[in-house]
Amino acid sequence: MSTVPRSEQFDDVYFSVEDGLAETRHVFLAGNGLPDAWAGREQFTICETGFGTGLNFLAAWKLWRDCDAALRPQSLHFISFEKYPVTRDFIGEVLGGWDGDLEYERNVLIFKYPLDLSFGTHRIEIFSNVFLTLVFGDVNDALPKLEERVDCWFLDGFKPSSNPDMWSEILFKNMARLSAPEATFATFTSAGFVRRGLAAEGFEVRKIRGYGRKREMSVGRFRGALM
Ligand SMILES: C[S@@+](CC[C@H](N)C(=O)[O-])C[C@H]1O[C@@H](n2cnc3c(N)ncnc32)[C@H](O)[C@@H]1O
């Protein structure tokens, strides 16, 4: 396994030191009920806060590739926001540890990943039916401008105690604005203000077992805006 990257600014790691890919599969894929949640859908849109190295995108795309064509959406759209974009070299360096598993996906991402890291939107056709929209900028500035129906949320971003600005009312309100009926979310955190913020915008919120040594994480479903 490669070294796990760490942000000094946020005093947090990009993914689990135990096994980042296993964590992604537990927290974001299983936490959102995938692949069952996308079975029978024509198109499925996932929206993520904090693209980082792209590990969550790669794991979701790989799951889609591994699914029987009859049991997966015809097209997959993954939208992700990133305020501090890393370089393609960095991605190559830190995601090398899963070469037996994600090598193909990682190489395609590195090839297609933007060289220009300035703020703005990059629409990347990964494949004819797999699309990645990468928005470089603060999610709190960019999400209010998004116009998409979102089926599933991956709430990543460093831990709320060291990155409280990201886990904002703007985020929760815009999740409610963009969520399809019964849209799901999953996140590694069980912080009270995050659960309350989501509940206030019409999400049913549950705590479940976290990955590895993390006792709890949160998952839930959009039940419609509260009056
Ligand atoms: C835990 S890391 C992401 C891990 C990612 N899933 C990966 O595979 O590398 C959290 C990411 O959220 C980004 N981030 C933090 N605050 C943000 C904000 N306000 N807007 C957008 N991205 C943000 C960080 O720069 C970092 O890349």
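What's counted below: heavy atoms across the whole structure, side chains too, no hydrogens, waters or symmetry copies. Order of listing sets the numbers, starting from 1, for every ligand and every atom in it. Not measured: the values here are computed from a predicted model.
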> Check each heavy atom of Asn163 against ligand 1 and say whether those closer than 4.0 Å belong to the side chain, the backbone, both or neither.
side chain
> I'd like to know whether Tyr211 forms a side chain to side chain contact (heavy atoms under 4.5 Å, CB included) with Glu18, so could you lay out the CA-CA distance, the side-chain angles of the two residues, the decisive distance to 0.1 Å, and finally the verdict.
CA-CA 9 Å; Tyr211 174 74; Glu18 292 170 61; 4.2 Å; yes
> Just let me know how Leu55 lines up against ligand 1, side chain, backbone, both or neither, with a heavy-atom cut-off below 4.0 Å.
both
> Verify the distance criterion only: is there a donor paired with an acceptor across the side chains of Asp89 and Thr87 at less than 3.5 Å?
no
> What protein heavy atom sits nearest atom 20 (N) of ligand 1, and how far off is it?
Val139 N, 3.0 Å
> Under 4.0 Å from any heavy atom of Thr53, which atoms of ligand 1 are there?
7 (C), 8 (O), 9 (O)
> Should Asp165 and Lys83 count as an ion pair when the cut-off is N to O under 4.0 Å?
no
> Using a 4.0 Å cut-off to any heavy atom of Gly52, which atoms of ligand 1 qualify?
9 (O), 27 (O)
> So, does Asp138 sit close enough to ligand 1 that a heavy atom of it is under 4.0 Å from the ligand?
yes
> Salt bridge check, Asp99 against Arg106: does any charged N sit closer than 4.0 Å to a carboxylate O?
yes
> Within a distance under 4.0 Å of any heavy atom of Gly137, pick out the atoms of ligand 1 and give their elements.
20 (N), 21 (C)
> Hey, is Glu147 close enough to Arg177 for a salt bridge, meaning N to O under 4.0 Å?
yes
> Salt bridge or not between Glu204 and Arg221? Use side-chain N to carboxylate O under 4.0 Å.
no
> Over all heavy atoms of both residues, which pair between Leu155 and Thr187 is shortest? Give the atoms and the distance, please.
O-OG1, 2.9 Å
> Using side chain to side chain contact (heavy atoms under 4.5 Å, CB included), reason through Tyr84 and Ser7 one step at a time and then give a plain yes or no.
CA-CA 10 Å; Tyr84 306 98; Ser7 162; over 6 Å; no
> Would you check the N or O atoms of Thr49, main chain and side chain alike, for any that come under 3.5 Å of an N or O of ligand 1?
no
> Name the closest protein heavy atom to atom 3 (C) of ligand 1, giving the residue it belongs to and the distance to 0.1 Å.
Gly50 O, 3.5 Å
> Could you tell me whether Glu82 and ligand 1 have an N or O pair separated by under 3.5 Å?
yes
> Could an N or O of ligand 1 be found under 3.5 Å from any N or O of Phe10, whether backbone or side chain?
no
> May I ask which of Ser7, Gly20, Ser168, Gly157 has a heavy atom nearer to atom 10 (C) of ligand 1 than the others do?
Gly157
> Give the residue and atom name of whichever protein heavy atom lies nearest to atom 18 (C) of ligand 1, and the separation in Å to one decimal.
Met166 CG, 3.6 Å
> Would you say Pro85 contacts ligand 1, with heavy atoms under 4.0 Å as the rule?
no
> Side chains of Ser168 and Asn140: any donor to acceptor distance under 3.5 Å?
yes
> Please state whether Phe51 comes within less than 4.0 angstrom of ligand 1, counting heavy atoms only.
yes
